[in-house]
Amino acid sequence: MTTRTLTVLSTSTNRHSGCVPHIRSVFSGDLVGTTRRQAFSSGTRALRIMAMYDAAAHIVHDDGQFPNCSIQKLPVLIYKSAFDASGNPSELANKIEETFSNNGFPPQWRFGLYEYPHYHSTSHEILGVFKGSARVRLGGSKKGIEEEVRAGDVIVIPAGVAHESLQSKGGFEMVGAYPAGCSWDMNYGKGQEEKQKSEANIKKVGVPTKDPVYGSKGPVLEHWQKR
């Protein structure tokens with residue numbers, strides 16, 4: 001049996017601070033926009049941030065079990081090939097962590113993705129894939145979307161959106177990061193009492209003022225700040 005270890009990089013305590021091709025096999029949410037812009041490059045050839053950014057924005061509706069995007073109306077953002085993944089996975093992880101941290105999203109762990117739906121009500125979550133690939137579900141089985149993500153991709157998950165891994169391969173691992181000053185809780189879509197408490201928490205979560213990958217530009221500013 002293969003054992004994976006969750007590597008915790010840091011912690012925070014202020015819970016409510018303001019803080020390969022694209023394959024879509026199942027799509028139940030609303031595609032509210034795509035972004036393809038000239039960005040910038042940084043670092044060595046193998047680890048440079050890609051010169052173009054390509055992102056899709058999805059609104060996933062409340063399905064009665066998970067709040068999803070219903071409270072703050074912020075879409076899930078999926079960045080394809082945000083980082084060049086042709087180099088060593090460890091070096092890619094370091095580059096992702098450095099980039100997230102520089103833009104105000106301190107990395108807190110390296111791990112895969114749980115194979116059951118869960119969500120966070122006290123923070124948005126930034127996931128940077130540095131190894132392998134996975135088919136992930138965002139928003140639950142009733143109204144969610146399924147996406148294939150792989151090394152170099154980034155997922156920006158708003159507070160309240162359920163997420164899980166359906167299938168992974170290649171030793172799938174990600175860097176997990178959160179807006180500075182925020183910490184995450186765990187919710188599982190079990191009952192209305194949990195949902196009501198979570199919805200109250202989500203209303204207190206601030207919208208980031210920078211993009212985790214592109215800083216002063218990028219999909220977070222284009223799709224989140226204007227809402």
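In this chain, numbering begins with 1 at the start of the sequence shown.
- Gln65 is not listed as a side-chain neighbour of Lys195, based on a closest heavy-atom distance of 4.5 Å or more.
- Between Arg137 and Glu164 a salt bridge is recorded (basic side-chain N to carboxylate O distance below 4.0 Å).
- Closest approach of Phe100 and Ala177 over heavy atoms only: CD1-CB, 3.7 Å.
- In this structure, the side chains of Leu166 and Val136 stay at 4.5 Å or more apart for every pair of heavy atoms.
- Nearest heavy-atom pair across Val205 and Ala159 is CG2-CB, 4.3 Å.
- Remark: Asp54 does not engage Lys80 in a salt bridge, criterion side-chain N to carboxylate O under 4.0 Å.
- Neither Ile71 nor Val207 shares a network with the other; the hydrophobic side chains, linked directly or stepwise wherever heavy atoms of I, L, V, M, F, W or Y lie under 4.5 Å apart, form separate groups for each.
- A donor-acceptor pair under 3.5 Å is absent between the side-chain atoms of Asn68 and the main chain of Val161, judged by distance alone.
- Taking all atoms of both residues into account, the shortest heavy-atom contact from Ala82 to Val154 is CB-CG2, 3.9 Å.
- Rounding to the nearest 0.5 Å places NE2 of His124 at 4.5 Å from CH2 of Trp224.
- With contacts defined as side-chain heavy-atom distances shorter than 4.5 Å, the pair Val76/Pro158 qualifies.
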Test log, rule side-chain contact (heavy atoms from CB on, under 4.5 Å), inputs Ile155 and Val149: CA-CA 9 Å; Ile155 311 173; Val149 294; 3.9 Å; yes
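- Although no hydrogens or angles enter the test, the distance criterion places no donor-acceptor pair under 3.5 Å between the side chain of Gln167 and the main chain of Ala134.
- In this structure, Glu194 places its CD atom where more than 12 heavy-atom neighbours from other residues, nucleotides or ligands lie under 6.0 Å away.
- Cation-pi check for Lys217 over Tyr214 is not met; the charged atom does not lie both under 6.0 angstrom from the ring centroid and within 45 degrees of its normal.
- From Asp153, atom CG reaches atom CE of Met174 across 11.5 Å, with rounding to the nearest 0.5 Å.
- A 4.5 Å side-chain heavy-atom check between Phe83 and Val213 finds at least one atom pair inside the cut-off.
- Within the 3.5 Å criterion, the main-chain N or O of Cys69 finds no donor-acceptor partner in the side chain of Asp62.
- The shortest non-hydrogen separation linking Pro212 to Val156 is CG-CG2, 4.1 Å.
- In this structure, the separation between CZ on Phe66 and OH on Tyr188 is 11.5 Å, given to the nearest 0.5 Å.
- From Asn201, atom CG reaches atom OG of Ser123 across 11.5 Å, with rounding to the nearest 0.5 Å.
- Under 4.0 Å is where a charged nitrogen must lie from a carboxylate oxygen, and between Asp84 and Lys95 no such pair does.
- Among residues two or more places apart in sequence or in another chain, the salt bridge (charged side-chain N to carboxylate O under 4.0 Å, His left out) test is passed with Glu125 by none.
- At least one side-chain heavy atom of Ile78 sits under 4.5 Å from a side-chain heavy atom of Leu138.
- The shortest non-hydrogen separation linking Gly152 to Leu92 is N-CD2, 4.2 Å.
- A donor-acceptor contact shorter than 3.5 Å links the side chain of Lys73 to the backbone of Ser70.
- At distances below 3.5 Å, not a single donor-acceptor pair connects side-chain atoms of Glu173 with backbone N or O atoms of Gly112.
- The shortest side-chain heavy-atom distance between Ser133 and Lys169 falls under the 4.5 Å cut-off.
- The distance from atom CG of Leu77 to atom CD1 of Ile157, rounded to the nearest 0.5 Å, is 10.5 Å.
- The list of ring-ring contact (aromatic ring centres under 6.0 Å, His included) pairs with a residue in residues 136-163, not counting sequence neighbours, reads His118-His163, His120-His163.
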Working note: Lys210 + Val220, criterion side-chain contact (heavy atoms from CB on, under 4.5 Å); need CA distance, chi angles, decisive distance, verdict. CA-CA 7 Å; Lys210 296 183 74 175; Val220 162; over 6 Å; no
Give the intermediate values and the outcome of side-chain contact (heavy atoms from CB on, under 4.5 Å) for residues Glu146 and Arg135. CA-CA 7 Å; Glu146 292 181 16; Arg135 186 173 298 278; 3.8 Å; yes
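- How far CG of Asp211 is from CD1 of Ile126: 8.0 Å, rounded to the nearest 0.5 Å.
- Residues Gln192 and Gly64 approach most closely at NE2-O, 3.2 Å, considering heavy atoms.
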Step-by-step side-chain hydrogen bond (donor to acceptor under 3.5 Å, both in side chains) determination, Asp185 to Ser121: CA-CA 6 Å; Asp185 61 352; Ser121 72; 2.5 Å; yes
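- Pro106 is not listed as a side-chain neighbour of Tyr178, based on a closest heavy-atom distance of 4.5 Å or more.
- Side-chain atoms of Trp184 and Tyr119 form no donor-acceptor pair, as typed in the model, at a separation below 3.5 Å.
- Of the possible polar contacts, one joining the Gln225 side chain to the Pro208 backbone as a donor-acceptor pair under 3.5 Å is found.
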